[in-house]
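Here is the structure we will look at.
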Amino acid sequence: MKQTARRALHRAIIATSLMTPIALMGHSTATLAEDSEPMSYSPKYKQFEPPAEKVPKYFAMDKNVVNFNGEGQAKFLAVDFKFMSYYPQLVEVEMEHLRPILKNNIDRVLRNQSFSKLNTPDGPDELRKEILKEAKAILEEHRLFPDLLEDVYLERFVMQ
């Protein structure tokens with residue numbers, strides 16, 4: 001495959017993966033990482049070298065226990081979670097510097113939840129989306145490209 005065609009394919013895969021999760025059509029992630037060039041995004045954001053291998057890196061937040069609107073059913077919401085990115089510089093350095101801001105803003109998101117909203121089959125997934133949205137907003141405020149943060153995973157979710 002010519003270098004130009006390979007770059008065009010890589011850009012198309014990145015553009016598509018930013019919009020929706022896709023199957024990589026027979027390409028292994030290691031092959032894509034080896035052929036990758038830097039993700040192109042606005043120069044207003046801090047630029048990172050692409051990772052040598054596409055291996056997920058995780059950033060664990062401190063345990064979060066907050067009072068919330070338990071509607072007489074519960075008083076406390078306890079949530080443990082990890083953020084995932086393929087960019088080690090983001091999770092090992094940048095997010096560590098933002099830890100107090102992330103903790104403050106995510107605690108606010110958790111305190112604003114209600115028992116009836118969270119006690120549905122989709123409740124925890126909706127909470128994940130809200131937490132990820134808040135974290136991406138914080139990254140953007142600090143000139144970090146928000147889409148480098150891929151997902152957030154709940155490790156503990158307790159209403160008591």
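This one's a predicted model, so the numbers in the text were calculated from it and none came from an experiment.
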Hey, are [X] and [Y] close enough for a salt bridge, meaning a charged N less than 4.0 Å from a carboxylate O?
X	Y	answer
K82	E155	yes
K129	D125	no
R143	E94	no

Got [X] and [Y] here, is their nearest side-chain heavy-atom distance under 4.5 Å?
X	Y	value
F81	R128	no
F157	L77	yes
P56	S85	no
Y86	E150	yes
M61	L102	yes
S116	E71	yes
F48	L144	yes
Q73	N119	no

Which residue is it: H97, E96, M95? I am looking for the one with a side-chain contact (heavy atoms from CB on, under 4.5 Å) to V93.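 For V93, the side-chain contact (heavy atoms from CB on, under 4.5 Å) check succeeds only for H97.
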For the side-chain contact (heavy atoms from CB on, under 4.5 Å) test, which of V158, V109, V65, L154 pairs with V79?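 For V79, the side-chain contact (heavy atoms from CB on, under 4.5 Å) test succeeds with only one of V158, V109, V65, L154, which is L154.
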Over 12 non-hydrogen atoms of neighbours within 6.0 angstrom of NZ in K63: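 For K63, atom NZ is not crowded (no more than 12 foreign heavy atoms under 6.0 Å).
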Before you tell me yes or no, could you show the steps for H142 and L98 under side chain to side chain contact (heavy atoms under 4.5 Å, CB included), namely the whole-Å CA-CA distance, both residues' side-chain angles and the distance that decides it to 0.1 Å? CA-CA 9 Å; H142 291 85; L98 296 174; 3.6 Å; yes
Given F59 and L149, is the side chain to side chain contact (heavy atoms under 4.5 Å, CB included) satisfied, shown in steps? CA-CA 10 Å; F59 178 77; L149 190 60; over 6 Å; no
Dump the intermediate steps for side-chain hydrogen bond (donor to acceptor under 3.5 Å, both in side chains) on D80 and N64, then the final yes or no. CA-CA 6 Å; D80 296 347; N64 294 49; over 6 Å; no
Within this structure, what is the [atom1]-[atom2] distance for the pair [X] and [Y], rounded to the nearest 0.5 Å?
X	Y	atom1	atom2	result
L139	D147	CG	CG	10.0 Å
K75	N69	NZ	CG	13.5 Å
Y87	K57	OH	NZ	14.0 Å
F76	F68	CZ	CZ	10.0 Å
I138	N104	CD1	CG	8.0 Å
Q47	E49	CD	CD	9.5 Å

Any donor and acceptor pair, going by atom type alone, linking the side chain of N112 with main-chain N or O of R108 inside 3.5 Å?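 Flag set: sc N112 to bb R108 pair under 3.5 Å.
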For the hydrophobic clusters of this structure (ILVMFWY residues joined by side-chain heavy atoms under 4.5 Å, transitively), does one cluster hold both V55 and F83?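 Shared cluster, no.
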Let me check something: do L90 and I101 share a hydrophobic cluster, defined by ILVMFWY side-chain heavy atoms less than 4.5 Å apart, either directly or through other members?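 Linked within one cluster.
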When you compare the side chains of Q113 and E130, does any donor N or O come within less than 3.5 Å of an acceptor on the partner?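 E130 and Q113 do have a side-chain donor-acceptor pair below 3.5 Å.
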What's the verdict on side-chain hydrogen bond (donor to acceptor under 3.5 Å, both in side chains) for E140 and Y45, showing C-alpha distance, side-chain angles and the deciding distance? CA-CA 8 Å; E140 188 156 23; Y45 298 113; 2.5 Å; yes
